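Since this is a predicted model, take the numbers as computed values, not measurements. When a ligand or atom number is given, it counts from 1 through the structure's own listing order.
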Amino acid sequence: MGIVVQKYGGSSVADVEKIMKVARRIVDCKKSGNQVVAIVSAMGKTTDNLIKLAGEISSSPPKREMDRLLSTGEQISMSLLAMAIDSLGEKAVSLTGPQAGIRTDSKYSKAKIVNIVSNRLKKELENDNIIIIAGFQGETEEHDITTLGRGGSDTSAVSVAAALNADLCEIFTDVDGVYSCDPRIVPNIRKLSAVSYDEMLELALLGAKVLHPRSVEVGKTHGVEIHVRSSFSHDIGTIVKKEVLDMEHDGLITGIAHDKDVAKVVIFGVPDTPGTAAKILKALADENINVQMIVQSAQIKNINDIAFTCSSDEAREAANILEKIGEEIGAERVVINENIAKVSVVGAGMMTHSNIASRMFSSLGENDINIDLISTSEITISVTVDIEQCEKAVRVLAEDFELVN
Ligand code: ADP
Ligand code: ASP
Ligand code: MG
């Protein structure tokens, strides 16, 4: 009994039948004595279709208008779900992100929630309403609509759970929990009963789509435990929480993430002088380009090459910025390679075992998978490989690190 926040992803509300199923699940939760707030994604492929539609009008649509457009997807599903609940005889009210009091900064397409003004939510709960909130969106101080980045409805849900001090935060999706890697690539992969915020955050940042990275960050900061589970069954899923006991955690490696939406950008022939790398990275940061792996090659004759990865949809913009800077600093040329993927292993066990990198590289090498860039952190090792070899790399590593059932 208490406040339950539930989030239903796009495939869970993809058609009318599924929306009715979700409505019944929400009504059951309410009838068990809970106050329920549900956050919804857009139906099925709606967001992709809206992006395509905008692309038919312009190759670089204004970011403000893009966010305005994409926010409509969730507004369709929220209204339909509220109608479905009403048809089952329960009171429901749908709210857009702004109506729900979700305030963000003004970075269109990747806005961050800065605050949730929860008066309206509290009032609707006091009036015994089930609340349905459009995920993935909020508004700036100037009341312009923003979106939180692809997959951002998870973040809406965990943030609302934090703001309402909810008793339960459930993320309903099309898989029945978090697995050690994408179960679509390795069907017999191990399911995790629990995973720590830190490991989940790394997996999400490195490409495991099951949770939006920012949702894990918000969960960690506000101590919201997140239950990831299936919309299509009543099985227990995976709990994302602070500490995971050894019994729940029986391997060196917790998981493998992969990301095909990355590109490598290289600036060749950069003069080796103090402050040059800073100049390059600052120019990218000023345009909010999120740079991931950064590698500077050994300098020859006072000249370096600097390579980094970023998301594919930011690669062209990144290259344009570098070309401009390159002219100023006298670099040779800029090249983009989009045919790469990033494969990463994640596990807190890495802090105490030194042989994980060599084991990972041997597995890949023995299977003829060539490694390009490498980067490491306390609990991750990431490599880039040819995009064609990405799934093979995930399968090989899942076997070698004994993550399969
Ligand atoms: P939703 O629309 O419900 O938000 P997403 O497509 O965003 O769903 O996320 C669920 C998908 O994440 C799954 O269908 C699965 O293919 C993918 N996925 C990637 N890595 C993992 C993982 N480690 N565990 C579970 N699912 C994963
Ligand atoms: N509809 C948005 C997307 O497809 C947000 C979400 O589903 O979380 O990315
Ligand atoms: Mg998602």
Side-chain angles (χ1 to χ4, degrees), residues 6-14 18 22 38-52 66-67 69-78 97 109-111 133-138 146-159 170-195 199-216 226 228-232 237-238 240 253-261 311 313 341-347 390-391 394 397-398 403-404:
Q6 302 185 328
K7 178 257 171 176
Y8 293 93
S11 45
S12 311
V13 292
K18 290 192 173 121
V22 166
I39 283 80
V40 275
S41 288
M43 295 169 71
K45 300 264 169 247
T46 304
T47 310
D48 290 334
N49 294 338
L50 291 171
I51 292 171
K52 244 183 253 153
M66 199 63 191
D67 277 24
L69 175 71
L70 297 192
S71 70
T72 62
E74 273 66 13
Q75 296 175 15
I76 295 173
S77 46
M78 75 174 194
S109 84
K110 44 186 150 183
I133 302 176
F136 173 59
Q137 58 188 263
T146 50
T147 64
L148 310 180
R150 296 303 306 266
S153 299
D154 300 330
T155 299
S156 310
V158 180
S159 303
E170 299 176 301
I171 303 287
F172 287 94
T173 183
D174 59 357
V175 281
D176 57 5
V178 179
Y179 285 78
S180 281
C181 74
D182 190 338
R184 290 182 205 281
I185 296 186
V186 184
N188 57 339
I189 192 74
R190 191 178 71 188
K191 183 172 140 187
L192 303 169
S193 57
V195 59
E199 288 172 306
M200 189 64 236
L201 182 58
E202 291 290 347
L203 286 169
L205 284 169
L206 295 167
K209 272 179 37 197
V210 64
L211 281 178
H212 190 239
R214 197 67 199 127
S215 69
V216 185
I226 307 168
V228 180
R229 56 192 306 197
S230 168
S231 298
F232 311 118
T238 302
V240 186
I253 293 301
T254 305
I256 302 162
H258 72 283
D259 190 353
K260 291 183 180 174
D261 291 326
S311 72
D313 58 1
K342 184 162 60 179
V343 177
S344 312
V345 296
V346 175
C390 172
E391 297 192 6
V394 173
L397 294 172
L403 301 177
V404 290

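When all heavy atoms of A42 and T47 are compared, the pair lying nearest together is CB-OG1, 3.7 Å. Here the closest heavy-atom approach between residue K18 and residue V13 is recorded as CB-CA, 4.3 Å. Shortest non-hydrogen contact noted between I189 and A398 is CD1-CB, 4.0 Å. Listed here is the closest heavy atom pair of K7 and S41: CE-OG, 3.6 Å.
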Please assess E391 against K260 for the test salt bridge (charged side-chain N to carboxylate O under 4.0 Å, His left out), listing each intermediate value before the final yes or no. CA-CA 10 Å; E391 297 192 6; K260 291 183 180 174; 2.7 Å; yes
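Look at R150 and D48 and you find a salt bridge, because one of the NZ, NE, NH1 or NH2 atoms lies within 4.0 Å of a carboxylate O, short of that distance.
Formation of a donor-acceptor pair under 3.5 Å by the S156 side chain with backbone atoms of F136 is found in this model.
Considering only non-hydrogen atoms, atom 12 (O) of ligand 1 lies nearest to V210 out of D154, I189, L192, V210. Comparing heavy-atom distances from atom 19 (C) of ligand 1 across D259, D182, L206, D176 singles out D182 as nearest. Of the options A208, G177, G151, A257, the smallest heavy-atom separation from atom 25 (C) of ligand 1 is shown by G177.
Taking every heavy atom of V178 and a limit of under 4.0 angstrom, the matching atoms of ligand 1 come to 24 (N). Close contacts between ligand 2 and G151 involve ligand atoms 3 (C), 5 (C), 6 (C), 8 (O), 9 (O) [criterion: under 4.0 Å to a heavy atom]. Under a 4.0 Å criterion applied to the non-hydrogen atoms of D174, ligand 1 contributes the atoms 10 (C), 11 (C), 13 (C), 14 (O). Per-residue contacts place Y179 under 4.0 angstrom from the following atoms of ligand 1 (heavy atoms of the residue considered): 22 (C), 23 (N), 24 (N), 25 (C). Of all the atoms in ligand 2, the ones that sit under 4.0 Å from a non-hydrogen atom of S41 are 6 (C), 7 (O), 8 (O). Residue-ligand proximity, R150 to ligand 2, at heavy-atom distances under 4.0 Å covers atoms 3 (C), 4 (O), 9 (O). If you number the atoms of ligand 2 from 1 as listed, the ones under 4.0 Å from a heavy atom of G152 come out as 5 (C), 8 (O).
Within the structure, ligand 2 lacks G73 among the residues with a heavy atom less than 4.0 angstrom away. The closest approach between a heavy atom of E74 and any atom of ligand 2 is below 4.0 Å. At least one heavy atom of P183 sits closer than 4.0 Å to an atom of ligand 1.
Inter-residue side-chain proximity for V394 and D182 is flagged as unmet; no heavy-atom pair is nearer than 4.5 Å. Counting heavy atoms from C-beta on, the side chains of S12 and D174 never come closer than 4.5 Å. Under the 4.5 Å side-chain criterion, counting only non-hydrogen atoms from C-beta, E74 is in contact with S153.
Residue contacts with ligand 1 for V175 involve side-chain atoms from C-beta outward but no N, CA, C or O (heavy atoms, distance under 4.0 Å). Proximity of K7 to ligand 1, defined as any heavy-atom pair under 4.0 Å, is confined to the side chain (atoms from C-beta onward). The backbone of C181, and not its side chain, has at least one atom closer than 4.0 Å to an atom of ligand 1 (non-hydrogen atoms only; backbone = N, CA, C, O).
Polar contact check, G10 against ligand 1: a nitrogen or oxygen pair lies under 3.5 Å apart. Considering backbone and side-chain N/O atoms, T173 comes within less than 3.5 Å of an N/O atom of ligand 1.
Of the protein's non-hydrogen atoms, the one nearest atom 14 (O) of ligand 1 is R184 NH2, 2.5 Å. Nearest protein neighbour of atom 7 (O) of ligand 1, counting heavy atoms only, is K209 O, 3.5 Å.
T147 and D67 form a side-chain donor-acceptor contact under 3.5 Å, judged by distance and modelled atom types alone.
Atom CG of residue L70 and atom OG1 of residue T46 lie 10.5 Å apart, to the nearest 0.5 angstrom.
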